[in-house]
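Here is the structure we will look at.
Only this structure's heavy atoms are used, side chains among them; waters, hydrogens and symmetry mates stay out.
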Amino acid sequence: MSTKSTLNVIAAYDKVCAEKAELAQKGSNFAADRNAVARQIRKLHPKRLTLTVGEIIRETPTACSLRLLSDDGSPLPPFQAGQYINLFLTVDGVETARPFAISSAPQSRDYYDVTVRSVPGGFVSPYMVGEMFEGQILQSSGPMGSFYYNPLFHGGDLVFLAGGSGVAPAMSMIRDIINKKRPLNFHLIYGSRSTDDIIFRQQLKTLAKQHDFLTVDEVISEPDADYTGHTGYLSAEMIQRLTGDVDGKMFYLCGPNAMYDFCKPELEKLGVPGRRVRIEANGPPPAPQKLTGWPQGLETSKEVTVTVRGRGQFKMPVGEPLLNAMERNGYQAENACRSGECSLCRVKVLSGDVFNPPQSHLRSSDRTFGWTHACVAFALSDIEILI
(Lines give C-alpha, C1' and ligand atoms only; values in the text may rest on other atoms or scores of the structure.)
Protein backbone atom coordinates (compact mmCIF):
# COMPACT_ATOMS: atom_id res chain seq x y z
CA MET A 1 0.00 0.00 0.00
CA SER A 2 1.44 3.39 -0.95
CA THR A 3 1.98 6.23 1.50
CA LYS A 4 -0.70 8.26 -0.24
CA SER A 5 -3.31 5.52 -0.06
CA THR A 6 -2.49 5.00 3.63
CA LEU A 7 -2.92 8.70 4.37
CA ASN A 8 -6.24 8.79 2.53
CA VAL A 9 -7.90 7.14 5.53
CA ILE A 10 -7.20 10.27 7.60
CA ALA A 11 -10.27 12.49 7.83
CA ALA A 12 -10.05 15.55 5.52
CA TYR A 13 -6.69 14.48 4.06
CA ASP A 14 -7.93 14.92 0.45
CA LYS A 15 -9.36 18.34 1.28
CA VAL A 16 -6.04 19.52 2.76
CA CYS A 17 -4.16 18.23 -0.32
CA ALA A 18 -6.51 20.16 -2.60
CA GLU A 19 -6.03 23.37 -0.55
CA LYS A 20 -2.27 22.87 -0.66
CA ALA A 21 -2.33 22.48 -4.45
CA GLU A 22 -4.43 25.63 -4.77
CA LEU A 23 -1.99 27.61 -2.62
CA ALA A 24 0.90 26.35 -4.74
CA GLN A 25 -0.82 27.85 -7.79
CA LYS A 26 -2.08 31.11 -6.31
CA GLY A 27 0.35 31.79 -3.47
CA SER A 28 -0.54 33.38 -0.13
CA ASN A 29 -1.39 36.99 0.56
CA PHE A 30 0.30 37.42 3.94
CA ALA A 31 -0.51 41.14 3.98
CA ALA A 32 -4.23 40.32 4.09
CA ASP A 33 -3.98 38.76 7.54
CA ARG A 34 -0.41 38.46 8.69
CA ASN A 35 -1.34 37.32 12.24
CA ALA A 36 -3.84 34.60 11.31
CA VAL A 37 -1.53 31.70 12.14
CA ALA A 38 -0.46 33.19 15.48
CA ARG A 39 -4.09 33.78 16.45
CA GLN A 40 -5.05 30.22 15.57
CA ILE A 41 -2.16 28.84 17.62
CA ARG A 42 -3.16 30.97 20.62
CA LYS A 43 -6.74 29.75 20.26
CA LEU A 44 -5.74 26.09 20.25
CA HIS A 45 -2.85 26.35 22.73
CA PRO A 46 -3.45 29.36 24.99
CA LYS A 47 -0.96 30.19 27.70
CA ARG A 48 -3.80 31.27 30.00
CA LEU A 49 -7.54 30.71 30.15
CA THR A 50 -10.08 32.59 32.26
CA LEU A 51 -12.62 30.11 33.64
CA THR A 52 -15.72 30.40 35.80
CA VAL A 53 -16.86 27.75 38.28
CA GLY A 54 -20.28 27.04 36.80
CA GLU A 55 -21.24 24.13 39.04
CA ILE A 56 -19.80 22.13 41.94
CA ILE A 57 -20.81 18.48 41.70
CA ARG A 58 -20.43 16.52 44.93
CA GLU A 59 -19.03 13.07 44.07
CA THR A 60 -18.23 11.64 47.53
CA PRO A 61 -18.01 13.11 51.06
CA THR A 62 -14.40 14.09 50.29
CA ALA A 63 -14.44 14.71 46.52
CA CYS A 64 -16.14 16.97 44.01
CA SER A 65 -16.06 17.86 40.33
CA LEU A 66 -15.77 21.51 39.38
CA ARG A 67 -17.48 22.36 36.09
CA LEU A 68 -15.40 25.16 34.59
CA LEU A 69 -16.84 27.39 31.86
CA SER A 70 -15.10 29.82 29.51
CA ASP A 71 -15.54 33.44 30.53
CA ASP A 72 -17.03 34.49 27.18
CA GLY A 73 -19.08 31.39 26.37
CA SER A 74 -16.88 30.35 23.47
CA PRO A 75 -15.75 26.71 23.03
CA LEU A 76 -12.76 25.79 25.15
CA PRO A 77 -9.52 24.57 23.52
CA PRO A 78 -9.53 20.91 22.43
CA PHE A 79 -7.78 18.25 24.46
CA GLN A 80 -6.98 14.55 24.46
CA ALA A 81 -8.77 12.35 27.00
CA GLY A 82 -6.27 11.98 29.86
CA GLN A 83 -4.75 15.46 29.67
CA TYR A 84 -4.84 18.09 32.44
CA ILE A 85 -5.04 21.81 33.03
CA ASN A 86 -2.99 23.73 35.57
CA LEU A 87 -5.17 25.88 37.83
CA PHE A 88 -3.70 29.04 39.37
CA LEU A 89 -5.03 29.70 42.85
CA THR A 90 -4.53 31.88 45.91
CA VAL A 91 -4.85 29.86 49.11
CA ASP A 92 -4.36 31.55 52.49
CA GLY A 93 -2.63 34.43 50.73
CA VAL A 94 -0.19 32.15 48.87
CA GLU A 95 -0.20 32.26 45.07
CA THR A 96 0.21 28.72 43.82
CA ALA A 97 -0.94 26.32 41.10
CA ARG A 98 -1.91 22.67 40.79
CA PRO A 99 -2.52 20.39 37.79
CA PHE A 100 -5.85 18.57 37.59
CA ALA A 101 -6.87 15.96 35.04
CA ILE A 102 -9.97 16.74 33.01
CA SER A 103 -12.68 14.15 33.72
CA SER A 104 -15.20 15.32 31.11
CA ALA A 105 -15.26 14.12 27.50
CA PRO A 106 -13.15 15.91 24.86
CA GLN A 107 -16.31 16.31 22.79
CA SER A 108 -17.92 18.53 25.49
CA ARG A 109 -16.00 21.76 24.91
CA ASP A 110 -18.58 24.01 26.58
CA TYR A 111 -16.85 23.13 29.86
CA TYR A 112 -14.01 21.24 31.53
CA ASP A 113 -14.77 19.08 34.55
CA VAL A 114 -11.89 18.65 36.98
CA THR A 115 -12.34 16.17 39.80
CA VAL A 116 -10.61 16.79 43.12
CA ARG A 117 -10.34 14.69 46.28
CA SER A 118 -9.49 16.42 49.56
CA VAL A 119 -6.23 14.96 50.85
CA PRO A 120 -5.84 15.03 54.66
CA GLY A 121 -3.11 17.52 55.52
CA GLY A 122 -3.09 18.88 51.98
CA PHE A 123 -2.76 22.58 51.19
CA VAL A 124 -4.78 23.07 47.98
CA SER A 125 -7.21 20.14 47.74
CA PRO A 126 -9.09 20.89 51.02
CA TYR A 127 -9.58 24.46 49.81
CA MET A 128 -10.89 23.34 46.42
CA VAL A 129 -13.30 20.78 47.88
CA GLY A 130 -14.45 22.82 50.87
CA GLU A 131 -14.16 26.53 50.05
CA MET A 132 -14.57 27.15 46.32
CA PHE A 133 -17.91 28.54 45.16
CA GLU A 134 -20.01 28.75 42.03
CA GLY A 135 -19.25 31.92 40.10
CA GLN A 136 -15.61 32.01 41.24
CA ILE A 137 -13.20 33.18 38.53
CA LEU A 138 -10.02 31.17 37.94
CA GLN A 139 -7.00 31.28 35.68
CA SER A 140 -5.65 28.12 34.12
CA SER A 141 -3.22 26.91 31.51
CA GLY A 142 -4.46 25.32 28.33
CA PRO A 143 -4.74 21.50 28.23
CA MET A 144 -1.41 19.67 28.31
CA GLY A 145 0.24 16.36 29.15
CA SER A 146 1.12 13.11 27.37
CA PHE A 147 -1.02 10.69 29.41
CA TYR A 148 -3.53 9.73 26.72
CA TYR A 149 -4.40 6.88 24.39
CA ASN A 150 -2.24 6.57 21.28
CA PRO A 151 -3.95 4.31 18.71
CA LEU A 152 -0.71 3.68 16.81
CA PHE A 153 1.20 2.23 19.77
CA HIS A 154 -1.19 1.29 22.58
CA GLY A 155 -3.28 -1.36 20.87
CA GLY A 156 -6.88 -2.21 21.63
CA ASP A 157 -6.69 -3.91 25.04
CA LEU A 158 -6.38 -1.28 27.77
CA VAL A 159 -6.15 -1.71 31.55
CA PHE A 160 -6.37 1.36 33.79
CA LEU A 161 -5.19 1.06 37.40
CA ALA A 162 -6.66 3.98 39.37
CA GLY A 163 -6.57 5.18 42.94
CA GLY A 164 -8.44 8.12 44.50
CA SER A 165 -8.97 11.01 42.07
CA GLY A 166 -6.71 9.15 39.64
CA VAL A 167 -9.97 7.87 38.17
CA ALA A 168 -10.55 11.32 36.59
CA PRO A 169 -8.54 10.74 33.38
CA ALA A 170 -10.01 7.22 33.14
CA MET A 171 -13.50 8.72 33.14
CA SER A 172 -12.55 11.08 30.33
CA MET A 173 -11.11 8.18 28.33
CA ILE A 174 -14.25 6.07 28.84
CA ARG A 175 -16.49 8.92 27.70
CA ASP A 176 -14.24 9.50 24.70
CA ILE A 177 -14.40 5.83 23.65
CA ILE A 178 -18.19 5.91 23.89
CA ASN A 179 -18.50 9.10 21.85
CA LYS A 180 -16.07 7.95 19.15
CA LYS A 181 -17.33 4.35 19.14
CA ARG A 182 -13.76 3.13 19.24
CA PRO A 183 -13.33 -0.67 18.97
CA LEU A 184 -11.40 -1.02 22.25
CA ASN A 185 -11.53 -3.05 25.44
CA PHE A 186 -11.16 -0.88 28.55
CA HIS A 187 -10.75 -2.50 31.96
CA LEU A 188 -10.79 -0.11 34.95
CA ILE A 189 -9.41 -1.54 38.19
CA TYR A 190 -10.11 1.04 40.89
CA GLY A 191 -8.39 0.70 44.25
CA SER A 192 -9.91 2.56 47.20
CA ARG A 193 -9.70 2.48 50.96
CA SER A 194 -13.49 2.22 51.38
CA THR A 195 -16.57 2.27 49.19
CA ASP A 196 -17.28 5.84 50.37
CA ASP A 197 -14.08 6.92 48.59
CA ILE A 198 -15.08 5.59 45.16
CA ILE A 199 -15.59 8.56 42.84
CA PHE A 200 -18.14 8.11 39.99
CA ARG A 201 -19.17 4.78 41.51
CA GLN A 202 -22.77 4.69 40.28
CA GLN A 203 -21.90 6.25 36.92
CA LEU A 204 -19.23 3.62 36.31
CA LYS A 205 -21.60 0.77 37.23
CA THR A 206 -24.22 2.12 34.84
CA LEU A 207 -21.75 2.61 31.99
CA ALA A 208 -20.32 -0.90 32.46
CA LYS A 209 -23.84 -2.36 32.13
CA GLN A 210 -24.56 -0.30 29.03
CA HIS A 211 -21.30 -0.90 27.13
CA ASP A 212 -19.65 -4.27 26.42
CA PHE A 213 -16.18 -2.73 25.92
CA LEU A 214 -16.04 -1.57 29.56
CA THR A 215 -15.21 -3.68 32.61
CA VAL A 216 -15.05 -2.05 36.05
CA ASP A 217 -13.61 -3.79 39.13
CA GLU A 218 -13.43 -2.23 42.59
CA VAL A 219 -10.71 -3.34 45.01
CA ILE A 220 -11.25 -2.16 48.61
CA SER A 221 -8.40 -2.24 51.13
CA GLU A 222 -10.52 -1.55 54.27
CA PRO A 223 -13.95 -3.02 53.47
CA ASP A 224 -17.08 -2.73 55.59
CA ALA A 225 -18.46 -5.92 57.08
CA ASP A 226 -21.18 -6.18 54.42
CA TYR A 227 -18.89 -5.62 51.41
CA THR A 228 -18.71 -8.68 49.15
CA GLY A 229 -16.44 -7.50 46.30
CA HIS A 230 -12.69 -7.68 45.76
CA THR A 231 -10.56 -6.75 48.78
CA GLY A 232 -6.88 -6.05 49.29
CA TYR A 233 -4.44 -4.13 47.10
CA LEU A 234 -3.56 -3.92 43.42
CA SER A 235 -0.95 -6.66 43.73
CA ALA A 236 0.40 -8.79 40.92
CA GLU A 237 -1.87 -11.63 42.02
CA MET A 238 -4.95 -9.37 42.08
CA ILE A 239 -4.17 -7.77 38.72
CA GLN A 240 -3.66 -11.15 37.04
CA ARG A 241 -6.79 -12.59 38.66
CA LEU A 242 -8.88 -9.74 37.25
CA THR A 243 -7.23 -9.30 33.83
CA GLY A 244 -6.07 -12.82 32.99
CA ASP A 245 -3.16 -12.97 30.54
CA VAL A 246 -1.38 -9.57 30.56
CA ASP A 247 0.32 -10.20 27.21
CA GLY A 248 -0.41 -7.41 24.73
CA LYS A 249 -2.30 -5.28 27.22
CA MET A 250 -1.51 -1.59 27.71
CA PHE A 251 -1.52 -0.45 31.35
CA TYR A 252 -2.29 3.08 32.54
CA LEU A 253 -1.52 4.01 36.12
CA CYS A 254 -2.87 7.09 37.91
CA GLY A 255 -3.26 7.73 41.63
CA PRO A 256 -1.28 8.80 44.71
CA ASN A 257 2.50 8.39 44.79
CA ALA A 258 2.28 5.46 47.21
CA MET A 259 0.21 3.60 44.63
CA TYR A 260 2.91 4.06 41.97
CA ASP A 261 5.59 2.81 44.33
CA PHE A 262 3.51 -0.31 45.01
CA CYS A 263 2.06 -1.07 41.56
CA LYS A 264 5.13 -0.60 39.36
CA PRO A 265 7.04 -3.54 40.94
CA GLU A 266 3.85 -5.63 40.87
CA LEU A 267 3.51 -5.10 37.12
CA GLU A 268 7.17 -6.02 36.71
CA LYS A 269 6.49 -9.30 38.56
CA LEU A 270 3.90 -10.09 35.90
CA GLY A 271 6.44 -9.47 33.18
CA VAL A 272 4.75 -6.34 31.83
CA PRO A 273 7.49 -4.46 29.90
CA GLY A 274 8.04 -0.80 30.73
CA ARG A 275 6.93 0.27 27.26
CA ARG A 276 3.48 -1.18 28.03
CA VAL A 277 2.99 0.95 31.16
CA ARG A 278 1.89 4.61 31.03
CA ILE A 279 2.23 6.51 34.31
CA GLU A 280 0.70 9.89 35.10
CA ALA A 281 2.96 11.69 37.54
CA ASN A 282 1.21 13.03 40.62
CA GLY A 283 3.26 15.60 42.46
CA PRO A 284 6.56 15.52 44.38
CA PRO A 285 7.50 12.51 46.52
CA PRO A 286 5.83 12.85 49.93
CA ALA A 287 8.75 11.17 51.74
CA PRO A 288 11.99 12.10 49.94
CA GLN A 289 14.07 10.79 52.84
CA LYS A 290 13.07 7.24 51.86
CA LEU A 291 14.51 7.56 48.36
CA THR A 292 17.94 6.42 47.21
CA GLY A 293 20.45 9.25 47.40
CA TRP A 294 18.95 11.08 50.39
CA PRO A 295 21.75 11.81 52.92
CA GLN A 296 21.69 9.32 55.75
CA GLY A 297 20.48 10.80 59.03
CA LEU A 298 19.25 14.09 57.53
CA GLU A 299 15.91 14.95 59.15
CA THR A 300 13.29 16.51 56.88
CA SER A 301 12.50 19.09 59.58
CA LYS A 302 15.99 20.65 59.43
CA GLU A 303 15.82 24.28 58.29
CA VAL A 304 18.06 25.77 55.61
CA THR A 305 18.29 29.24 54.05
CA VAL A 306 17.47 29.86 50.40
CA THR A 307 18.93 33.00 48.86
CA VAL A 308 17.30 34.24 45.66
CA ARG A 309 20.04 36.21 43.93
CA GLY A 310 19.22 39.90 43.89
CA ARG A 311 15.82 39.44 45.53
CA GLY A 312 16.18 38.28 49.14
CA GLN A 313 16.16 35.05 51.10
CA PHE A 314 13.91 32.77 53.16
CA LYS A 315 14.08 29.69 55.36
CA MET A 316 12.52 26.30 54.60
CA PRO A 317 12.60 22.72 55.92
CA VAL A 318 14.64 20.35 53.76
CA GLY A 319 11.63 18.03 53.39
CA GLU A 320 9.55 20.65 51.55
CA PRO A 321 9.69 20.90 47.73
CA LEU A 322 11.61 24.02 46.71
CA LEU A 323 8.78 25.39 44.55
CA ASN A 324 6.28 25.13 47.42
CA ALA A 325 8.63 27.04 49.70
CA MET A 326 9.28 29.67 47.03
CA GLU A 327 5.55 30.31 46.57
CA ARG A 328 4.95 30.37 50.31
CA ASN A 329 7.52 33.18 50.55
CA GLY A 330 6.24 35.19 47.57
CA TYR A 331 8.59 33.97 44.81
CA GLN A 332 6.96 32.72 41.61
CA ALA A 333 8.21 30.44 38.85
CA GLU A 334 6.23 29.31 35.82
CA ASN A 335 5.00 25.75 36.38
CA ALA A 336 2.52 23.21 35.08
CA CYS A 337 2.96 19.56 36.04
CA ARG A 338 4.53 19.95 39.52
CA SER A 339 5.90 16.44 39.01
CA GLY A 340 9.31 17.03 37.44
CA GLU A 341 8.26 16.43 33.85
CA CYS A 342 7.47 19.70 32.05
CA SER A 343 10.64 21.60 33.17
CA LEU A 344 8.83 24.99 33.24
CA CYS A 345 9.85 25.62 36.86
CA ARG A 346 13.61 25.22 36.24
CA VAL A 347 15.81 27.36 38.47
CA LYS A 348 19.60 27.57 38.51
CA VAL A 349 21.37 26.43 41.68
CA LEU A 350 24.35 28.76 42.09
CA SER A 351 25.65 27.21 45.31
CA GLY A 352 24.70 24.56 47.84
CA ASP A 353 23.29 21.03 47.55
CA VAL A 354 19.91 19.98 46.17
CA PHE A 355 18.34 16.52 46.11
CA ASN A 356 16.75 15.60 42.77
CA PRO A 357 14.55 12.49 42.99
CA PRO A 358 14.44 10.04 40.07
CA GLN A 359 11.17 11.55 38.79
CA SER A 360 12.82 14.94 38.18
CA HIS A 361 13.70 13.96 34.57
CA LEU A 362 16.66 16.33 34.47
CA ARG A 363 18.53 16.55 31.21
CA SER A 364 22.27 15.96 31.22
CA SER A 365 22.78 19.65 30.40
CA ASP A 366 20.68 20.60 33.45
CA ARG A 367 22.94 18.54 35.71
CA THR A 368 26.09 19.89 34.04
CA PHE A 369 25.12 23.55 34.43
CA GLY A 370 23.31 23.38 37.77
CA TRP A 371 19.64 23.62 36.81
CA THR A 372 16.93 21.86 38.82
CA HIS A 373 13.17 21.37 38.58
CA ALA A 374 12.00 23.32 41.61
CA CYS A 375 8.70 21.44 41.94
CA VAL A 376 10.44 18.19 42.97
CA ALA A 377 13.79 19.53 44.23
CA PHE A 378 14.72 19.53 47.93
CA ALA A 379 17.38 21.86 49.38
CA LEU A 380 19.81 19.81 51.50
CA SER A 381 21.86 22.78 52.68
CA ASP A 382 21.84 26.57 52.44
CA ILE A 383 21.54 27.30 48.72
CA GLU A 384 21.57 30.27 46.36
CA ILE A 385 19.32 30.14 43.31
CA LEU A 386 18.61 32.22 40.24
CA ILE A 387 14.96 32.40 39.15
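The CE atom of M171 sits 9.0 Å away from atom OG of S65, with the distance rounded to the nearest 0.5 Å.
Here E22 pairs with K26 in a salt bridge; the nearest charged N to carboxylate O distance falls below 4.0 Å. Ionic pairing of R201 and E218 is present here: one or more N-O contacts between side-chain nitrogen and carboxylate oxygen are shorter than 4.0 angstrom.
Membership of the apolar cluster around V219 extends to V159, L161, I189, L234, M238, I239, L242, V246, F251, L253, M259, Y260, L267, L270, V272, V277, I279, as traced through chained side-chain contacts below 4.5 Å between ILVMFWY residues. With a 4.5 Å cut-off between side-chain heavy atoms of Ile, Leu, Val, Met, Phe, Trp and Tyr, the cluster of F153 takes in L152.
Sorted by first and then second residue, the salt bridge (Lys or Arg N to Asp or Glu O under 4.0 Å) pairs with a member in residues 138-157 read D157-K249; sequence neighbours excluded. The stretch residues 125-152 participates, sequence neighbours left out, in no salt bridge (Lys or Arg N to Asp or Glu O under 4.0 Å) pair at all. Applying the salt bridge (Lys or Arg N to Asp or Glu O under 4.0 Å) test to pairs two or more places apart or on separate chains, those with a residue in residues 319-331 are E320-R328, E327-R338. Residue pairs meeting the salt bridge (Lys or Arg N to Asp or Glu O under 4.0 Å) criterion with at least one partner in residues 221-233, sequence neighbours excluded, are R193-E222.
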In a table with atom names and distances, give each donor-acceptor pair under 3.5 Å that connects a side chain of residues 380-387 to protein atoms at least two apart or in another chain.
from, atom 1, to, atom 2, distance (Å)
S381, OG, D353, N, 3.0
D382, OD1, T305, N, 2.8
E384, OE2, R309, NE, 3.0

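Partners of D110 by side chain to side chain contact (heavy atoms under 4.5 Å, CB included), not counting sequence neighbours: none found. With sequence neighbours left out, the side chain to side chain donor-acceptor pair (under 3.5 Å) criterion links K269 to E266. Shown here are the side chain to side chain donor-acceptor pair (under 3.5 Å) partners of Y127, two or more places apart in sequence or in another chain: Q136. Legend: residues meeting salt bridge (charged side-chain N to carboxylate O under 4.0 Å, His left out) with R48, ordered by chain and number and at least two apart, are E334. Residues passing the side chain to side chain contact (heavy atoms under 4.5 Å, CB included) test with D212, sequence neighbours excluded: none.
When only modelled atom types and interatomic distance are considered, S194 and D196 share no side-chain donor-acceptor pair under 3.5 Å.
Below 30°, between 30° and 60°, or above 60°: for F147 and Y252 the angle between ring planes is above 60°, a perpendicular geometry.
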